[in-house]
Amino acid sequence: MSKLELYFRLVRLDKPIGTVLLLWPTLAALWLASGGVPDWKLLLIFSLGTFLMRSAGCAVNDYADQDFDKHVKRTAERPITSGRVSGKEALLIAAGLSLLAFLLIQPLNALVKQLSVAALIIAGTYPYFKRFFAIPQAYLGIAFGFGMPMAFAAVQNTVPPVAWLLLAGNVFWAVAYDTEYAMVDRDDDLKIGIKTSAITFGRFDVAAIMLCYAVHLAILLVVGQQFGLGLPFLLGMAVAAGCAVYHYFLIRGRERAPCFAAFRHNNYLGAAVFAGIALDYALR
């Protein structure tokens, strides 16, 4: 591979699932904050910012985990772990992408910029939570959902309680889908001492995932009621609930491939929620 191809792999340009799992909640928050009519400039800023920060987070994650990834089947050939990209290169790429993301929000208000600092700190420290935190996926949910309060800040110049409620809901969703992801690597993670929710939940992993889905969807229903959303939103929620049920049948056997498929399928769950919100506003 050329260096450019290795850098693309480092920031997961070949695996966009992580970006869309950040993007759907952020877009939903933008629609809610703006009453269904978000400014196109904000759409562009938050979409590009989501892509840049997810890519930067991947580089930092691989730098932090390089000594662990070599012992995991799925990650042993990642660019840093395999020695084809240096740790210094990864940190420089992460810094460059973060700087671009910060430049993107310069036209926005001071509150967004303040929140962006918190978002950067959370994204940069997440990889280290696996060393000591029993459910690091909850911290990931904060990192993946921080675009939601930032979206409200950008539109309303304030972060109302409902934005934090949305973030809480995103934490439960992240615990659900990233536990499915962690189930793929559980055997390897047990050997090397990494803490994950799949290990913490143990034999209750499937039940915990379904409970997290249920709490996530319940929070979204409460939020939808607060914004006066109607039938289109409820239809989107019904599709999202159907996705969660489908995931149960994928993960109940705890096999690697179906668990990974369930994780990837969360793209459709997030899309269904956003589509319900957007359609509800569009039909008013």
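By convention here, the first residue in the shown sequence is residue 1.
- Under the 4.5 Å side-chain heavy-atom criterion for grouping Ile, Leu, Val, Met, Phe, Trp and Tyr, Val245 is connected to Met183 within one hydrophobic cluster.
- Between the side chains of Asp280 and Trp31, no donor-acceptor pair is found at a separation under 3.5 Å.
- The ring pair (Phe, Tyr, Trp, His ring centres under 6.0 Å) check on Tyr246 picks up His265, with sequence neighbours excluded.
- Listed here is the closest heavy atom pair of Val206 and Ile251: CG2-O, 3.8 Å.
- The two residues Leu217 and Met237 make their nearest non-hydrogen contact at O-CE, 3.3 Å.
- Remark: Asp62 engages Arg12 in a salt bridge, criterion side-chain N to carboxylate O under 4.0 Å.
- Between the side chain of Arg84 and the backbone N or O of Pro79, no donor-acceptor pair lies under 3.5 Å.
- Think of Leu235 as one node in a network of Ile, Leu, Val, Met, Phe, Trp and Tyr side chains linked at under 4.5 Å; its network also takes in Leu231.
- In this structure, the side chain of Arg254 engages the main chain of Arg203 through a donor-acceptor pair within 3.5 Å.
- Clustering of Ile, Leu, Val, Met, Phe, Trp and Tyr side chains at separations under 4.5 Å places Leu190 together with Ile199.
- By the ring pair (Phe, Tyr, Trp, His ring centres under 6.0 Å) test, Tyr213 is found to be paired with His247, residues two or more places apart in sequence or in another chain being considered.
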List the atom pairs, donor and acceptor, that lie under 3.5 Å between side-chain atoms in residues 132-153 and the rest of the protein, sequence neighbours left out.
from   : atom 1 : to     : atom 2 : distance (Å)
Gln137 : OE1    : Ser197 : N      : 3.0
Gln137 : OE1    : Ser197 : OG     : 3.1
Gln137 : NE2    : Asp178 : OD2    : 3.3
Tyr139 : OH     : Thr125 : OG1    : 2.7

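- Transitive grouping of hydrophobic side chains (ILVMFWY, heavy atoms separated by less than 4.5 Å) keeps Val60 and Met53 in distinct clusters.
- Considering every non-hydrogen atom in both Tyr281 and Gly35, the closest pair reads CD2-O, 3.3 Å.
- By the ring pair (Phe, Tyr, Trp, His ring centres under 6.0 Å) test, Trp24 pairs with Phe274, sequence neighbours left out.
- Counted within 6.0 Å of NZ on Lys41, heavy atoms from surrounding residues, nucleotides or ligands total 12 or fewer; the atom is thus considered open.
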